[in-house]
Amino acid sequence: VIVERISEEANRSQELMEYFEQTGIRPGATITVTEVAEYAGTMSVSMGKKPFSLGTKAAAMVWVVPHNP
């Protein structure tokens, strides 16, 4: 997916925005979702070769569109 925008609610959380900055989640970034573990409330994602985890609550604050290469 391609990040279209970060919600206003996320922008109110400095800690969450710092995490997004560290991981590279910003408008225009391409993210690959590799696994969704709804039972744990997490998802495994990657940007290039950089894998990381993202909570589903945090992910809900990232608006995305499909990536069609």
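Numbering of residues begins at 1 and proceeds along the displayed sequence.
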Minimum-distance pair of heavy atoms, taken over all atoms of Gly24 and Ala29: O-CB, 3.5 Å
For residues 4-14, pull every pair meeting side chain to side chain donor-acceptor pair (under 3.5 Å), keeping only residues two or more places apart or in separate chains. Gln14-Glu18
Where at least one partner belongs to residues 33-58, residue pairs that pass side chain to side chain donor-acceptor pair (under 3.5 Å), sequence neighbours excluded: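 For residues 33-58, and leaving out neighbouring residues, there are no side chain to side chain donor-acceptor pair (under 3.5 Å) pairs at all.
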In the hydrophobic cluster built from side-chain contacts under 4.5 Å, what are the other members alongside Met47? Val1, Val3, Ile6, Leu16, Met17, Tyr19, Phe20, Ile25, Ile31, Val33, Val36, Met43, Val45, Phe52, Leu54, Met61, Val62, Val64
